[in-house]
Every structure is written in structure tokens, then in C-alpha cells.
Amino acid sequence: MNVMYFAWVRERIGIPQEEVETSAVTVNDLIAELKSREDRYAAAFADTTALRVALDQELSEFDAPLAGVREVAFFPPMTGG
């Protein structure tokens with residue numbers, strides 16, 4: 001699946017997106033897999049309360065299943081102005 005990173009998440013990981021082979025069942029499982037890769041992922045996902053996730057461009061929850069999902073995007077909460 002294609003995993004995309006935006007704003008400070010991208011800055012901490014160092015890439016805007018990547019193809020990920022995963023056995024994760026939920027978004028939380030995917031985050032656990034990513035965090036175990038390297039320190040830069042661990043830093044980016046240290047506080048998931050400061051993150052939002054979209055599955056195939058639809059806002060979702062971290063306990064959402066990944067079955068059939070083609071794209072996961074992680075980003076900080078949006079603010080208006």
C-alpha cells in the first residue's frame with residue numbers, strides 16, 4: 001500500500017511517501033510496524049494524539065481495518081484561519 005506523510009510527519013521521517021508491504025490489520029498495527037523500523041519513524045509516531053489518518057482519502061480512526069485499503073495518509077490536525 002502507498003503510505004503518505006505530510007507536514008512535520010514527513011519532515012521527521014524524511015520522505016513524502018513510500019510503498020509498504022505490511023501484514024497490519026489496523027492502522028494501529030501499521031503504526032507499530034513503522035515505529036519498529038527506525039528511530040525516525042518512532043519519533044514521527046511517538047504521539048498519535050497529534051496525528052490524523054486518512055484511508056483512501058477518507059478521514060478515519062486508528063483502529064480502522066486496512067483490508068482493501070490502497071492509500072494511508074498521516075498528517076497533523078488541520079486548523080482554520
Centroid-to-centroid, Tyr5 to Phe75, below 6.0 Å?
no
Sorted by chain and number, sequence neighbours left out, side chain to side chain contact (heavy atoms under 4.5 Å, CB included) with Asp63 holds for Asn28, Glu61
Among the clusters formed by ILVMFWY side chains lying less than 4.5 Å apart, do Phe6 and Met1 turn up in the same one?
no
Is it the case that one hydrophobic cluster holds both Leu59 and Phe74, taking links as side-chain heavy atoms less than 4.5 Å apart, direct or via other members?
no
Just distance, no hydrogens or angles: give the donor-acceptor pairs under 3.5 Å from side chains in residues 7-16, sequence neighbours left out.
none

Is any side-chain heavy atom of Phe62 closer than 4.5 Å to one of Thr26?
no
Check whether any side-chain N or O of Asp56 sits under 3.5 Å from a backbone N or O of Arg70 as a donor-acceptor pair, and report yes or no.
yes
Rounded to the nearest 0.5 Å, what separates atom NZ in Lys35 from atom CZ in Phe45?
9.0 Å
In chain order, what residues pass the side chain to side chain contact (heavy atoms under 4.5 Å, CB included) check against Asn2, with sequence neighbours excluded?
Met4, Gln17, Glu19, Glu71
With side-chain contact (heavy atoms from CB on, under 4.5 Å) as the criterion, how do Val25 and Leu66 come out once you've worked through the C-alpha distance, each side chain's angles and the decisive distance to 0.1 Å?
CA-CA 6 Å; Val25 175; Leu66 292 174; over 6 Å; no
With sequence neighbours excluded, residues passing salt bridge (Lys or Arg N to Asp or Glu O under 4.0 Å) with Glu18
Arg37
Glu33: partners by salt bridge (Lys or Arg N to Asp or Glu O under 4.0 Å), with sequence neighbours left out:
none
Return all side-chain donor-acceptor pairs below 3.5 angstrom for residues 47-55, not counting sequence neighbours, or 'none' if the list is empty.
unit_1, atom_1, unit_2, atom_2, d
Asp47, OD1, Thr49, N, 3.1
Asp47, OD1, Thr49, OG1, 2.4
Asp47, OD2, Thr49, OG1, 3.3

